[in-house]
Amino acid sequence: MFIEPIRPINGIGEISDLQKSSNSKDKNELLFKSIFEEALNNYVDAEAQVDEDIYKLSVGESDDLHNLMINTKKAEMSLDLVIQLRNKALDAYNEIMRMGV
């Protein structure tokens, strides 16, 4: 049985380095978009892995409940990250809308 190594989360320093290197508004928009898309794709991948693990467990192809629980927690944390990103974006939008011109 192959256990996939845990991938590290990008550090804040890497994100700020990318932000410093981008001078235009379009690049900053793409940066936020890419961060959000990456978080969403990570959730979709983790959820697909959980579905596959559950299927294998249910048909008797696997008895690895330990990795199923790890992958379930990983999917849950990925979903929490996506929700927090969405909430922060909505909070920022609402704050901008409350600003006086």
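Being a predicted model, the structure only gives us computed values, none of them experimental.
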Checklist outcome for this item: Residues Ala75 and Val50: closest non-hydrogen pair is CB-CG2, 4.1 Å
Quiz: residues 91-101 side-chain donor-acceptor pairs under 3.5 angstrom, not counting sequence neighbours:
| from | atom 1 | to | atom 2 | distance (Å) |
| --- | --- | --- | --- | --- |
| Asn94 | ND2 | Leu90 | O | 3.2 |
| Glu95 | OE1 | Arg98 | NH2 | 3.0 |

Item to check | Value rounded to 0.5 Å, distance of CD in Glu47 from CG in Asn42 | outcome: 13.0 Å
Next on the checklist: Holding to side chain to side chain contact (heavy atoms under 4.5 Å, CB included), I want the full list of residues that pass it with Leu40, two or more places apart in sequence or in another chain.
Outcome noted: Val82
Checklist entry - By salt bridge (charged side-chain N to carboxylate O under 4.0 Å, His left out), which residues pair with Glu76, not counting sequence neighbours? => result Lys73
Checklist outcome for this item: Across all chains, not counting sequence neighbours, the side-chain hydrogen bond (donor to acceptor under 3.5 Å, both in side chains) partners of Asp53 are Gln49, Asn71
Next on the checklist: Can you list, by chain and residue number, the hydrophobic cluster partners of Met77 when the side-chain cut-off is 4.5 Å?
Outcome noted: none
Checklist outcome for this item: Excluding Tyr55, membership of its hydrophobic cluster (Ile, Leu, Val, Met, Phe, Trp, Tyr; side-chain heavy atoms within less than 4.5 Å) reads Val59
Checklist outcome for this item: So CG of Leu79 and OH of Tyr43: to nearest 0.5 Å the spacing works out to 5.0 Å
Item to check | Spacing of CG belonging to Leu57 relative to CD belonging to Glu52, to within rounding of 0.5 Å | outcome: 12.5 Å
Next on the checklist: The criterion is salt bridge (charged side-chain N to carboxylate O under 4.0 Å, His left out); which residues satisfy it with Glu61, sequence neighbours excluded?
Outcome noted: none
Next on the checklist: Which residues end up grouped with Ile70 if you chain together Ile, Leu, Val, Met, Phe, Trp and Tyr wherever their side-chain heavy atoms are less than 4.5 Å apart?
Outcome noted: none
Item to check | Approximate separation, where rounding is to 0.5 Å, of Ser62 OG and Ile54 CD1 | outcome: 11.5 Å
Checklist entry - Gln84: what forms a side-chain hydrogen bond (donor to acceptor under 3.5 Å, both in side chains) with it, not counting sequence neighbours? => result none
Checklist entry - Once you round to the nearest 0.5 Å, how far does CG of Asp51 lie from NZ of Lys56? => result 12.5 Å
Next on the checklist: I want to check something: taking the side chain as every heavy atom from C-beta on, are Leu68 and Leu65 in contact at a cut-off of under 4.5 Å?
Outcome noted: yes
